[in-house]
**Student:** 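Structure provided below as structure tokens; questions to follow.
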Protein chains: 2
Amino acid sequence: MDLFFEKCRENKLKITPQRVAIYKALTASVSHPSAEQIHKEVKKLFPNLSLDTVNRTLVTFAGAHMIDVVEGHGDSRRFDPNREAHHHFYCVSCRKIFDFQADSFQADPLDSLVLPREMEEKFLITGKRICLTGYCDQCRSKMAGKKLTLVAVKHRI
Amino acid sequence: MDLFFEKCRENKLKITPQRVAIYKALTASVSHPSAEQIHKEVKKLFPNLSLDTVNRTLVTFAGAHMIDVVEGHGDSRRFDPNREAHHHFYCVSCRKIFDFQADSFQADPLDSLVLPREMEEKFLITGKRICLTGYCDQCRSKMAGKKLTLVAVKHRI
DNA sequence: TATTAAATAGGATTAAATCCTATTTAGGTG
DNA sequence: CACCTAAATAGGATTTAATCCTATTTAATA
């Protein structure tokens with residue numbers, strides 16, 4: 001919980017009972033829950049907690065780097081026809097996906113990826129990719145100086 | 001287009017004008033479009049092409065490994081409280097996310113990732129992860145022997 | 001060319017995310 | 001410690017994406 005309080009203060013996020021409960025519920029989770037799952041859980045303590053609050057709170061936490069938003073990011077399904085081995089950078093602000101390859105003088109790091117044996121044996125792996133997240137150049141400058149707040153349009157910058 | 005015909009035959013997918021057009025539109029795309037974007041494009045040729053057809057076709061193509069479904073996978077947003085460096089395996093069938101670390105005797109391949117200079121300079125990178133996709137052990141056995149078809153519940157196995 | 005399983009269209013439904021507005025509250029300030 | 005205000009919340013409405021359902025059409029094969 002130390003991280004929670006520290007990051008809240010750092011980002012001037014108010015510490016509310018709901019937020020504490022949401023954060024606790026997430027850290028206690030074994031899987032990688034959706035907002036709805038967290039909502040269901042925390043409703044036991046706060047019967048009239050709204051789903052919107054959960055979603056916005058979690059996205060805000062992610063913005064403060066207390067947690068991560070993982071696949072999916074909550075937006076629509078996207079497709080990629082490129083069959084060459086390549087990697088992705090996903091801009092969490094504009095949601096554009098940028099392709100990249102590791103620096104050309106280096107070998108692709110995935111070539112040297114050795115998976116845990118159990119996984120290699122049990123799972124059927126059909127795709128491997130490095131996924132970076134962050135802010136693209138455009139969004140980076142747009143957000144310069146803006147402070148983190150829940151009053152966000154579409155949870156974006 | 002060779003891959004298209006080859007993979008269609010291989011998977012016993014009928015080659016329809018709509019499918020050809022959808023595939024072409026995707027390969028012609030520069031970004032990583034959503035079904036809706038492709039729909040909008042292909043509608044120019046087939047004014048009464050339905051969005052459902054586009055979505056199902058694209059997901060089917062992905063099942064046949066002609067294209068990839070990338071972030072997001074089309075399901076709800078998921079959260080992860082784990083701050084330790086780790087990687088993900090995403091089961092495209094049950095949508096569970098499994099954490100893993102590279103084999104413990106190896107260094108994490110991301111440690112040696114050298115990004116293109118332009119990217120390193122311009123983008124603000126806040127997260128790095130290896131993302132594997134495929135079928136987890138349970139789903140793998142469930143789907144054994146099932147053939148690929150568009151008649152799928154929730155586009156799953 | 002006849003057959004049939006597979007694919008499509010189009011509208012209905014579901015589900016997730018977000019919006020909107022009134023109300024409440026955390027945290028700073030006098 | 002009470003007040004003040006910006007920030008957060010609740011709850012319902014709306015929007016958007018994905019999927020479902022069913023009647024119709026069609027690609028592939030024999």
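A note on names: the letters A, B, ... follow the listed sequences, proteins ahead of strands, and every chain is numbered from 1.
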**Student:** Separation of A:L51 atom CG from D:dT14 atom P, in whole Å?
**Tutor:**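 Whole-Å distance recorded here is 18 Å.
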**Student:** Can you name the nearest heavy-atom pair linking A:F123 to B:C136, along with the distance?
**Tutor:**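 Residues A:F123 and B:C136, closest heavy atoms: CD1-CA, 3.8 Å.
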**Student:** Using a heavy-atom cut-off of under 4.0 Å over every strand shown, decide if A:L49 touches base, sugar-phosphate, or nothing.
**Tutor:**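 Sugar-phosphate: the residue A:L49, judged by heavy atoms under 4.0 Å, touches backbone atoms but no base.
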**Student:** If you pin B:H73 and B:K14 to their nearest nucleotides in DNA chain D, which one's is more 5'?
**Tutor:**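 Of the two residues, B:H73 wins.
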**Student:** Could you state the CG-P distance from A:N55 to C:dA15, rounded to the nearest angstrom?
**Tutor:**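 Going from CG in A:N55 over to P in C:dA15 covers 16 Å.
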**Student:** Provide, to the nearest angstrom, the distance between the CD atom belonging to B:E36 and the C1' atom belonging to D:dT19.
**Tutor:**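 These atoms are roughly 14 Å apart.
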**Student:** Does B:T57 make a side-chain N or O approach to OP1 or OP2 of C:dT8 shorter than 4.0 Å?
**Tutor:**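 For C:dT8, OP1 or OP2 has a side-chain N or O of B:T57 closer than 4.0 Å.
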**Student:** It should be established whether A:R9 places a side-chain nitrogen or oxygen under 4.0 Å from OP1 or OP2 of nucleotide C:dG28.
**Tutor:**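 Checking A:R9 against C:dG28: no side-chain N or O falls below 4.0 Å of OP1 or OP2.
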**Student:** Taking the nucleotide of DNA chain C with the closest heavy atom to each, which residue, B:R78 or B:K43, is nearer the 5' end?
**Tutor:**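 Upstream on the strand: B:K43.
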**Student:** Does B:S50 or B:D75 map to a spot on DNA chain C nearer the 5' end, using the closest nucleotide for each?
**Tutor:**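 Looking at the nearest nucleotide for each, B:S50 comes out on the 5' side.
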**Student:** Nearest whole Å is fine: how far is D:dA18 P from B:I38 CD1?
**Tutor:**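 Value for this atom pair: 13 Å.
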**Student:** Under 4.0 Å from OP1 or OP2 of C:dT8: is there any side-chain N or O of B:N48 that close?
**Tutor:**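 For C:dT8, neither OP1 nor OP2 has a side-chain N or O of B:N48 closer than 4.0 Å.
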**Student:** Whole angstrom is fine here: how far is it from CG in A:D52 over to P in D:dG11?
**Tutor:**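 From A:D52 CG to D:dG11 P: 12 Å.
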**Student:** Below the 4.0 Å mark, does D:dT26 have OP1 or OP2 next to a side-chain nitrogen or oxygen of B:T16?
**Tutor:**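 False: B:T16 side-chain N/O out of range (4.0 Å or more) of D:dT26 OP1/OP2.
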**Student:** Is A:R56 near enough to C:dT18 that one of its side-chain N or O atoms lies under 4.0 angstrom from OP1 or OP2?
**Tutor:**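 For A:R56, the contact criterion (side-chain N or O under 4.0 Å from OP1 or OP2 of C:dT18) is not met.
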**Student:** Could you tell me the separation between the CZ atom of B:R19 and the P atom of C:dA9, rounded to a whole number of Å?
**Tutor:**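 It is 11 Å, rounded to the nearest whole Å.
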**Student:** Report yes if a side-chain nitrogen or oxygen of A:T53 is closer than 4.0 Å to either non-bridging phosphate oxygen (OP1 or OP2) of D:dA8; otherwise report no.
**Tutor:**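 A:T53 to D:dA8 OP1/OP2: no side-chain N or O under 4.0 Å.
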**Student:** Ring centroid separation for B:F89 and B:F100, is it under 6.0 angstrom?
**Tutor:**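 Judged by ring-centre distance (under 6.0 Å), B:F89 and B:F100 do not meet the cut-off.
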**Student:** May I ask you to decide whether B:K7 forms a salt bridge with B:E10, counting only side-chain N to carboxylate O separations under 4.0 Å?
**Tutor:**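 Salt bridge flag = yes for B:E10 with B:K7.
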**Student:** Give B:P17 one of three labels, base, sugar-phosphate or nothing, depending on what nucleic acid heavy atoms sit under 4.0 Å from its own.
**Tutor:**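 If one applies the 4.0 Å heavy-atom cut-off, B:P17 turns out to touch the sugar-phosphate alone, with no base involved.
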**Student:** Rounded to the nearest Å, what distance is computed from the CG atom of residue A:L13 to the C1' atom of nucleotide C:dT25?
**Tutor:**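 Whole-Å distance recorded here is 15 Å.
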**Student:** Categorize B:I15 for me: base, sugar-phosphate, or nothing, with a 4.0 angstrom heavy-atom threshold over every strand shown.
**Tutor:**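 If one applies the 4.0 Å heavy-atom cut-off, B:I15 turns out to touch the sugar-phosphate alone, with no base involved.
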**Student:** Starting from P on C:dA16, measure out to CG on A:L58 and report it in whole angstrom.
**Tutor:**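 My rounded result for the distance is 15 Å.
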**Student:** For the rings on A:Y90 and A:F98, is their centre-to-centre separation under 6.0 Å?
**Tutor:**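 When the ring centroids of A:Y90 and A:F98 are compared, they turn out to be at least 6.0 Å apart.
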**Student:** Which residue is it: A:R78, A:R83, A:R77, A:K128? I am looking for the one with a salt bridge (Lys or Arg N to Asp or Glu O under 4.0 Å) to B:D68.
**Tutor:**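 Answer to the salt bridge (Lys or Arg N to Asp or Glu O under 4.0 Å) test with B:D68 among A:R78, A:R83, A:R77, A:K128: A:R83.
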**Student:** Considering all heavy atoms of both residues, which atom of B:V54 and which atom of B:I22 are nearest to each other, and what is their separation?
**Tutor:**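 That would be CA-CD1, 3.9 Å.
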**Student:** Looking only at side-chain N and O atoms, does A:R77 come under 4.0 Å of OP1 or OP2 in D:dT19?
**Tutor:**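 Checking A:R77 against D:dT19: at least one side-chain N or O falls below 4.0 Å of OP1 or OP2.
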**Student:** Between A:Q18 and C:dA26, is there a side-chain N or O to OP1/OP2 distance below 4.0 Å?
**Tutor:**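 The answer is no; no side-chain N or O of A:Q18 sits under 4.0 Å from OP1 or OP2.
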